[in-house]
Amino acid sequence: MPSPAHTPMATPAEISAGADGVIDEITAGAARVIDEITDGAAGVMDEINAGVDGVTDEIKHLNRGLTKAELNNIYAGADGVMDEVEEIMMKYDADQSGCFSVAEVKAIIQDLENHRKQAKHMFRALLLTIVLALIVLGTLFVMMFLSNEAAK
């Protein structure tokens, strides 16, 4: 068996230029190394190729935007009907990959914080309205009492 050190290797320039056969040479070299490591055990290369194909498919899946129907299948769940939570999830999946990236999660957190601030302001406005209503009712009660006393 030839040692890996004596195997001719492609230069980075050849690889980046896309020279014919470079990928085949790299693949064949990798197959020889794996064959040496595993002592030719059957099926190892098939498992590795299947794993590489699975990763490649996953990368292709993540790099392309899904269609509306595919997103509905992902988010609708077992019942196939989109509820409010699933629609919100679909809203925040900006790149329509079916997965949430760090930027998408940050957008969710930012919106949540904005809604919390808005709810806090609305609660304060409600309390102020209630206090003002009580002051107005108290003033009316006092005026009614004083006018009743003046009429006697």
Side-chain angles (χ1 to χ4, degrees), residues 1-140:
M1 279 187 276
S3 68
H6 292 46
T7 305
M9 298 295 289
T11 65
E14 290 175 322
I15 293 172
S16 64
D20 291 334
V22 172
I23 299 299
D24 293 334
E25 181 181 331
I26 292 171
T27 304
R32 282 193 306 270
V33 170
I34 291 170
D35 193 38
E36 287 177 21
I37 292 172
T38 61
D39 292 328
V44 172
M45 277 305 294
D46 292 336
E47 289 179 31
I48 291 172
N49 287 334
V52 169
D53 290 343
V55 169
T56 304
D57 290 344
E58 186 64 26
I59 290 171
K60 287 178 184 175
H61 164 75
L62 292 175
N63 286 338
R64 69 176 174 93
L66 299 175
T67 65
K68 204 69 150 165
E70 290 172 324
L71 284 173
N72 283 340
N73 286 339
I74 290 172
Y75 289 117
D79 60 356
V81 178
M82 296 281 285
D83 62 12
E84 184 179 347
V85 172
E86 291 159 342
E87 287 176 3
I88 292 171
M89 289 171 56
M90 198 165 150
K91 169 189 160 191
Y92 283 105
D93 187 9
D95 61 359
Q96 296 182 340
S97 64
C99 301
F100 289 110
S101 67
V102 173
E104 291 167 340
V105 172
K106 285 181 180 179
I108 293 169
I109 293 170
Q110 186 177 21
D111 280 356
L112 179 62
E113 289 300 318
N114 289 340
H115 286 288
R116 282 184 182 167
K117 287 178 185 176
Q118 186 179 16
K120 187 177 181 180
H121 292 306
M122 292 176 82
F123 180 73
R124 287 180 180 169
L126 177 65
L127 285 178
L128 180 63
T129 303
I130 291 171
V131 167
L132 288 174
L134 289 174
I135 290 172
V136 168
L137 288 174
T139 304
L140 288 174

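Residue indices begin at 1 and follow the sequence shown.
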Open item on the list: Quick check on side-chain contact (heavy atoms from CB on, under 4.5 Å): which of D111, V105, L112 does I109 satisfy it with?
Closed with: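 Exactly one option meets the side-chain contact (heavy atoms from CB on, under 4.5 Å) with I109, and it is V105.
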Open item on the list: Which residue in the set L132, V136, I130 passes side-chain contact (heavy atoms from CB on, under 4.5 Å) when paired with L134?
Closed with: I130
Task: Minimal non-hydrogen separation, M82 against M90, with atom names - done: CE-SD, 3.4 Å
TODO: For D83, enumerate each residue passing the side chain to side chain donor-acceptor pair (under 3.5 Å) test, keeping only those at least two apart in sequence or located in another chain.
DONE: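 Scan of D83 (side chain to side chain donor-acceptor pair (under 3.5 Å), adjacent residues dropped) gives none.
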Open item on the list: Does any part of the side chain of D95, heavy atoms only, come nearer than 4.5 Å to the side chain of D93, both counted from C-beta?
Closed with: yes
Open item on the list: Enumerate the side chain to side chain donor-acceptor pair (under 3.5 Å) contacts for residues 114-128, please, sequence neighbours excluded, ordered by first and then second residue.
Closed with: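 Matches after skipping sequence neighbours: E113-R116.
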